Amino acid sequence: MSLHSANEGKYAIEARNMSIYYGTFRAVKQVNLAIERQKITALIGPSGCGKSTVLRSFNRMNDLVASARVEGEILFHGQNLYAPSVDAVEVRRRIGMVFQKPNPFPKSIYENIAFGPRVNGWKGSKSEMDELVERSLRGAALWDEVKDKLHESGLALSGGQQQRLCIARALAVQPEVILMDEPCSALDPISTLKVEELMMELRKDYTIIIVTHSMQQASRASDNTAFFLMDPEDRAGTLIEYGPTNELFMAPKDKRTEEYITGRFG
Amino acid sequence: MVNTKDVTMDQARLEARELARTASAQAIDFRRRPRLGETIIQALLFICAAISILTTVGIVYVLVRDALLFFKLEEVTLWKFFTETMWAPQIGAVGILPLLSATLITSLIAMLVALPLGLGAAIYLSEYASQRVRGLLKPILEILAGVPTVVYGYFALTFMTPVLQALFGRDTVQVYNMASAGLVMGIMILPLVASMSEDALAAVPSQLREGAYGLGATRFETAVRVVLPAALSGILAAFIVAMSRAVGETMIVALAAGAGPALTFNPFQAAETMTGHIARITSGDISYGSIQYDSVFAIGLALFVMTLILNIISGSIVRRFREVYD
């Protein structure tokens with residue numbers, strides 16, 4: 001299998017020998033992880049295992065931390081995202097992100113959605129933007145709830161609605177991959193369920209990578225699961241096991257995975 | 001083995017809790033008891049608050065009382081005060097317009113310097129500068145804020161005015177002129193604008209920035225389209241505070257803007273501001289109870305009302321534009 005087909009075909013993102021440093025501290029070491037296209041991949045593991053750091057390296061959000069540095073390769077369409085010629089802004093347009101805490105801009109619902117396209121050089125007309133806003137909100141299963149108040153503040157929505165607004169906002173720039181960093185940890189169970197249903201729907205068009213603390217969420221709402229753990233010796237996050245979610249949960253190959261998913265620690 | 005140990009530990013804990021409960025039922029005394037230290041502290045803090053309020057009330061009282069003396073004079077009417085174009089109370093010309101226009105022109109020039117530069121500096125410090133650069137630049141800005149205004153005044157007179165004369169010609173730029181005073185006043189206010197705006201920008205939660213970056217926004221787009229609007233109320237408040245600072249500034253305009261009321265809109269000409277006029281008149285030998293003496297209080301009251309209005313505007317702006325991000 002050639003490198004090209006590996007990237008254009010089955011895998012959306014492929015991390016090879018990836019290590020992530022904060023200053024001299026190695027936070028994540030030697031991760032090899034191939035993310036399947038149009039699947040939901042869950043990254044699980046106890047706090048401090050580096051799963052969020054890994055997620056944030058996929059769209060170069062770690063660049064915002066001055067001391068952060070990535071070694072190895074992260075391939076996206078066959079290109080290393082950390083090659084010197086790659087523009088992080090362009091990467092983030094194609095690999096969108098939804099954060100732990102809903103963070104709508106203090107603008108109207110409409111402007112929240114329109115922001116992404118506008119900063120990415122949107123040239124369409126007003127009516128085309130209206131359409132894009134509607135499509136994005138429908139895509140995030142929020143349209144029916146907000147269609148009559150598009151020009152009210154996004155902050156007036158409930159927490160769950162705000163998070164779906166943030167998902168809609170990410171959809172509006174038409175990314176290929178959506179990274180979700182514990183998107184439900186600040187939400188109530190009903191809102192969580194809605195977001196999970198939405199993820200299943202989005203999987204038809206997008207590749208989704210989700211960091212979650214909830215093993216139920218990972219087992220309910222993901223196709224593949226990667227289990228991370230902090231190496232007790234050098235405190236670096238390590239990928240322990242990666243595979244189809246049902247296999248990993250039903251028949252974990254590694255003893256540490258089994259201990260974690262059966263709740264013996266973490 | 002382990003289990004039995006747990007059980008005995010639990011039992012011991014239960015017993016201890018039971019003991020504590022019976023003991024406390026006898027001993028706790030919920031009666032109110034006097035706390036002298038608390039009372040004294042409360043009284044001292046109240047006095048601190050009261051002193052500043054009483055001082056303000058006292059100042060307003062004196063201002064209004066003596067200003068009323070001025071307005072009760074036969075030759076003075078409110079109409080004349082606001083419409084006449086000459087200020088020379090000793091000969092009955094009591095139009096505040098020349099002083100007011102000089103104050104507004106110098107303040108406007110100062111704002112034209114301080115707002116863009118101050119805001120630019122704030123955006124740079126909060127959104128672009130690294131920790132190290134910020135640690136270096138902020139103290140320097142604060143030094144700028146600590147320079148005595150009299151130094152700025154002579155800087156205007158001996159540096160800025162010659163520069164302006166070199167640029168625009170000696171015939172155009174008078175030795176005392178509003179432009180020079182206004183420009184230097186802008187430099188003086190710049191650190192205030194920068195520092196207050198930077199506080200407002202820094203208070204915007206980093207999640208908002210991350211949200212923008214996550215959508216493919218550049219640093220500049222993030223700063224201007226997300227962070228700046230979110231910090232707008234704080235920045236507008238900074239602008240208004242800067243404006244009242246400019247209106248109230250005395251030393252620079254007294255030294256560099258001119259020493260005589262003149263109604264002119266040419267910034268290269270000399271004109272005396274309200275504050276500058278008060279400073280000059282009161283440092284001479286005017287006699288108590290003369291029309292000039294009373295006129296000073298009228299100008300003071302007008303200044304006070306102007307800054308009060310600015311402060312009220314700033315308060316309402318802050319309330320109106322406040323964006324809650326949580």
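The sequence lines fix the lettering, A, B, ..., with proteins before strands; numbering per chain opens at 1. What you are looking at is a predicted structure, and each value in this text was computed from that prediction instead of being measured.
- Contact detail for F105(A) and G211(B): the closest heavy-atom pair is CZ-C, 3.9 Å.
- Within 6.0 Å of OH on Y128(B) lie more than 12 heavy atoms contributed by other residues, nucleotides or ligands.
- Annotation for L215(B) and V173(A): closest pair O-CG1, 4.0 Å, computed over non-hydrogen atoms.
- Annotation for I190(A): atom CD1 does not count as buried by contact number, only 12 or fewer foreign heavy atoms lying within 6.0 Å.
- Both the backbone and the side chain of V89(A) come within contact range of chain B, judged by heavy atoms closer than 4.5 Å.
- Put simply, OG1 on T218(B) and CZ on R92(A) are 10.0 Å apart, with the number rounded to the nearest 0.5 Å.
- The shortest non-hydrogen separation linking N103(A) to L208(B) is O-CD2, 3.8 Å.
- Atom NZ of residue K101(A) and atom CD of residue E210(B) lie 11.5 Å apart, to the nearest 0.5 angstrom.
- For R169(A), the parts lying near chain B are the backbone and the side chain together; criterion is any non-hydrogen pair under 4.5 Å.
- Environment of CD in Q42(B): sparse, with no more than 12 heavy atoms of neighbouring residues, nucleotides or ligands closer than 6.0 Å.
- Contact of R60(A) with chain B is not made at all, since no heavy-atom distance falls under 4.5 Å.
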Exercise answer: donor-acceptor pairs, residues 239-246 of chain B side-chain atoms, under 3.5 Å, sequence neighbours excluded:
{"unit_1": "S244(B)", "atom_1": "OG", "unit_2": "I240(B)", "atom_2": "O", "d": "2.9"}
{"unit_1": "S244(B)", "atom_1": "OG", "unit_2": "V241(B)", "atom_2": "O", "d": "3.4"}

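- Enclosure of atom CZ in F25(A) by more than 12 non-hydrogen atoms of other residues, nucleotides or ligands within 6.0 angstrom is indicated.
- Here the straight-line distance linking atom CZ of R219(B) with atom CG of L64(A) works out to 7.0 Å at 0.5 Å rounding.
- With a 4.5 Å cut-off on non-hydrogen atoms, F99(A) touches chain B through its side chain but not through its backbone.
- Heavy-atom neighbours of R203(A) CZ from other residues, nucleotides or ligands within 6.0 Å: above the threshold of 12.
- Side-chain contact between V226(B) and F115(A) is present, with at least one heavy-atom pair separated by less than 4.5 Å.
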